[in-house]
Amino acid sequence: MTDLQLAVEAAKLLGRWTLIAEKHANGCSCCPGLGDVTMEQVEGSVASWLRERHALLNNGGSVTALLLDCIARKAPAGADVLQPLFADLDEAFGHLERVQRGY
């Protein structure tokens with residue numbers, strides 16, 4: 001995967017993340033029974049899960065910052081590291097999207 005392909009994939013993921021955040025701000029059902037959970041807390045949970053699987057995020061950076069760096073082609077790692085991380089982001093976002101839809 002080239003830098004351009006990584007940037008495009010990161011842009012798609014960032015778009016999904018933005019839509020998840022917008023739906024969350026409008027009162028979605030992704031945190032039933034948990035009261036008012038901020039998007040920062042949701043991102044923290046996603047980042048925490050990813051840190052267990054990907055050492056690249058152990059520096060404490062945010063998911064959003066990583067995706068923006070990839071879009072700007074300033075990725076902190078190559079495709080061999082980013083592709084599995086992107087796959088896990090896709091899984092996490094898919095889960096949040098399903099929960100927001102009520103599944």
Closer than 3.5 angstrom, by distance alone: can the side chain of Glu43 be matched with the main-chain N or O of Ser62 as a donor-acceptor pair?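 A pair under 3.5 Å: no.
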Is it possible for you to say whether Val63 and Leu19 belong to one hydrophobic cluster, with membership spreading through side-chain heavy-atom contacts below 4.5 Å?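 No; Leu19 is not reachable from Val63 via cluster members.
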Check the hydrophobic clustering (I, L, V, M, F, W, Y; side-chain heavy atoms under 4.5 Å; chains of links allowed) and say if Val81 and Val8 are grouped together.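 No; Val8 is not reachable from Val81 via cluster members.
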Rounded to the nearest 0.5 Å, how far apart are [atom1] of [X] and [atom2] of [Y]?
X     : Y     : atom1 : atom2 : value
Asn58 : Leu50 : CG    : CG    : 10.5 Å
His95 : Trp49 : NE2   : CH2   : 10.0 Å
Leu89 : Leu13 : CG    : CG    : 5.5 Å

For Thr64, the option from Leu67, Leu68, Leu66 that meets side-chain contact (heavy atoms from CB on, under 4.5 Å):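 Testing each of Leu67, Leu68, Leu66 against Thr64, the sole residue satisfying side-chain contact (heavy atoms from CB on, under 4.5 Å) is Leu68.
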Testing the basics here: between [X] and [Y], what is the closest heavy-atom pair and its distance to 0.1 Å?
X     : Y     : answer
Ile71 : Ala10 : CG1-CB, 3.8 Å
His54 : Asp88 : NE2-OD2, 2.6 Å
Leu82 : Ala75 : CD1-CB, 3.6 Å

How would you list all residue pairs meeting salt bridge (Lys or Arg N to Asp or Glu O under 4.0 Å) that involve residues 2-20, not counting sequence neighbours?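 Of all non-adjacent pairs touching residues 2-20, those that pass salt bridge (Lys or Arg N to Asp or Glu O under 4.0 Å) are Arg16-Asp90, Arg16-Glu97.
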Looking at side-chain heavy atoms only, is the closest gap between Arg73 and Leu4 below 4.5 Å?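 They are in contact (side-chain heavy atoms under 4.5 Å apart), so the answer is yes.
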